[in-house]
Q: 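Below is the structure I would like to discuss, written out as structure tokens.
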Amino acid sequence: MLEVVDLKVGYGAIEALHGISFSVKQGEIVTLIGANGAGKSTTLRAVSGLIRARSGQVMFHGRPITSMPAHEIVKLGMAHVPEGRMVFANLTVMENLQMGAYLQKDKAVIARELEYVFSVFPRLKEREKQISGTLSGGEQQMLAIGRALMSKPRFLMLDEPSLGIAPLLVKSIFEQIVKINRDHGLTILLVEQNANLALRVSARGYVLETGKITLSDNSAALLANPKVRSAYLGG
Amino acid sequence: MSEFIQQIINGLSVGAMYALIAIGYTLVYGVLRFINFAHSDVFMVGSFVGFYSGKVLGGTSWAGGLGVMAASMVGCALLGILIERLAYKPLRSRSKLTVLITAIGVSMLLQNVGQLVFGTNPQPFPDTLPATTFQVGGVVVSSKDLVVLGFTLCLLGALEYIVLKTKVGTAMRAVAFNPQAASLMGINIDWIISFTFGLGSALAAAGGFLWAYKFPRIEPFMGVAPGLTAFVAAVLGGIGNITGAALGGLLLGVIETLVKGSRWSTWTEAIAFVLLILILLFKPAGLLGRVQAEKV
Ligand SMILES: Nc1ncnc2c1ncn2[C@@H]1O[C@H](COP(=O)(O)OP(=O)(O)O)[C@@H](O)[C@H]1O
Ligand SMILES: [Mg+2]
């Protein structure tokens, strides 16, 4: 589904990604773990077209998308829930969800998708008319994920969904992520600093260290790996 | 007393036109975070398009006048979109100062082209819309003021509908809040920016047409003074806030008219600047604006 080859990305003079390669197959949940500043968000931004790659290639469904603008990539079935959620705080919950379905013309499809999102996150339905800026952090994360689902993606990228959220809510959001993957075979690329949780729900994982992929294995093996344990799992 | 009421009506109608211009400043600021100083000259072009199409059409009638106003609005919407595409879009990744200076350049360009085409002498604006005066109690009311106010209210209603109820309006608000997140929804930011310029310019053009209807002498620099006052109105209302811009415009129109009719009338030209300084000193976010916490 997604194939990244020797991707290099920089900001001004600094290079944040020094040529990374990885892939995500249809139906998988794959995790990208790494310390703060390793380049996880940069990776997702380059894949979804928010920033230009310096070199390398991103293939989506066998199609090169490396120089496509973000709004075109969405049309191909990719959704990106960015770090910090980025919900439209000035819009209501409903308006945010409608923006998620911006490219969908068919009202019936939008209604069906809305129903699905509300079934995954009933809390959003209760707060339909509320201005999103007044939601709690966890609710905003639900909204950000729900908004991404409104585009009926085939591939979903989540950037630190657990960031700044109460542990109990994190658990429930992760359960929903697994459920979305199981129900719809939605392929997911998950970026997390909370490596323990992420590796438990994913099949495979990559470890990113200052712009380079240093390790790649199935998640159970990564969980057992002493290097990973000491660096990312607190011993 | 009757004179006071007359002044208020007069002030409201001038203020309505300030409001129409001010909204363009505020809309563009909302999506691009810069002040489009060429906007006041789009207002001028609005009355010029009215001037020429009014001459071509000839006669005075409601349908004709409305047609002339629509022509101004469409013409200026295209002009606004063109200005953004040619002058501002290539500079989008540059500093705000670069874009600001470019906007002043575009403003001068429009004024100079205006002089070339139209000449420097003021010319009378054709009577495209009917007008009379009548008396209510002791108050002499010009139908022009009522027409200006009525048209403005309709345009503001249409604007409110577009911004709050339509998909493109919701997308405008989304882009204003966070363009990157908006592009992740599949929203084409360039398209929304063009739409915003078109919308703001069409309102300025309506303002330009109505201005020339109320003060029927036009010339290529006619945009400068109302443009500055409208800019102050937008800041007064809280830049980026549409309702604020509309209220700011009305308020400035009334204040200016009252000052003009008083013994401090020599201060009329300065009143907008005095207000601007006061706002920047005491309430920089404007009357309806909030100090924005930048979301990361
Ligand atoms: N907008 C930016 N401008 C300059 N440098 C940036 C920017 N965003 C990220 N970086 C730098 O790129 C590197 C990777 O950042 P990021 O991808 O955000 O890491 P992570 O998501 O793994 O915490 C860091 O060194 C960071 O300082
Ligand atoms: Mg990050």
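To find a chain, count down the sequence lines: A is the first, B the second, and so on, and within it residues start at 1.
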Q: Taking everything shown except A:Lys152 itself, do over 12 heavy atoms lie less than 6.0 Å from its NZ?
A: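 Counting other residues, nucleotides and ligands, NZ of A:Lys152 stays at 12 neighbours or fewer.
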Q: For B:Glu160, look at atom CD and say whether over 12 heavy atoms of other residues, nucleotides or ligands are found less than 6.0 Å away.
A: no
Q: Highest number of heavy-atom pairs under 4.5 Å with chain B: which of A:Glu95, A:Arg45, A:Glu72?
A: A:Glu95
Q: Please check this pair: side chain of A:Asn90 against backbone of B:Arg173, looking for a donor-acceptor N/O pair closer than 3.5 Å.
A: yes
Q: Could you report the tightest heavy-atom contact between B:Phe177 and A:Phe88, atom names first, then the distance?
A: CD2-CA, 3.9 Å
Q: Looking only at heavy atoms, which two atoms of B:Ala171 and A:Tyr102 are closest? And how far apart?
A: CB-CE1, 3.8 Å
Q: Taking all atoms of both residues into account, what is the closest heavy-atom pair of A:Val74 and B:Gly186, and its distance?
A: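 Heavy atoms of A:Val74 and B:Gly186 come nearest at CG2-N, 3.7 Å.
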Q: Looking at CG of B:Leu184 and CG of A:Leu50, how far apart are the two atoms once the value is rounded to the nearest 0.5 Å?
A: 4.5 Å
Q: Kindly compute the distance separating NZ (B:Lys167) from CE (A:Met99), expressed to the nearest 0.5 Å.
A: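 Separation between the atoms: 7.0 Å.
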Q: Would you mind checking which part of B:Ala176 comes under 4.5 Å of any heavy atom in chain A, side chain (CB onward), backbone (N, CA, C, O), both or neither?
A: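 Contact with chain A: none, neither part.
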Q: Mind listing the closest non-hydrogen atom pair of B:Asn178 and A:Met86 along with its distance?
A: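 Here B:Asn178 and A:Met86 meet closest at ND2-SD, 3.3 Å.
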Q: When heavy-atom pairs shorter than 4.5 Å are enumerated against chain B, which of A:Arg147, A:Gln98, A:Met78 gives the highest number?
A: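 Maximum pair count with chain B is reached by A:Arg147.
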Q: Do other residues, nucleotides or ligands put more than 12 heavy atoms under 6.0 Å from B:Arg94 CZ?
A: no
Q: Specify the closest pair of heavy atoms between A:Leu103 and B:Met185, including all atoms of both residues, with the distance to one decimal.
A: CG-O, 4.1 Å
Q: What distance separates A:Lys75 NZ from B:Asn188 CG, expressed to the nearest 0.5 Å?
A: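 Output value for this atom pair is 7.5 Å.
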Q: Would you mind checking which part of A:Val81 comes under 4.5 Å of any heavy atom in chain B, side chain (CB onward), backbone (N, CA, C, O), both or neither?
A: neither
Q: Does a sphere of radius 6.0 Å around CD in A:Glu126 hold more than 12 heavy atoms from other residues, nucleotides or ligands, not counting ones at 6.0 Å or beyond?
A: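 Above 12, so yes.
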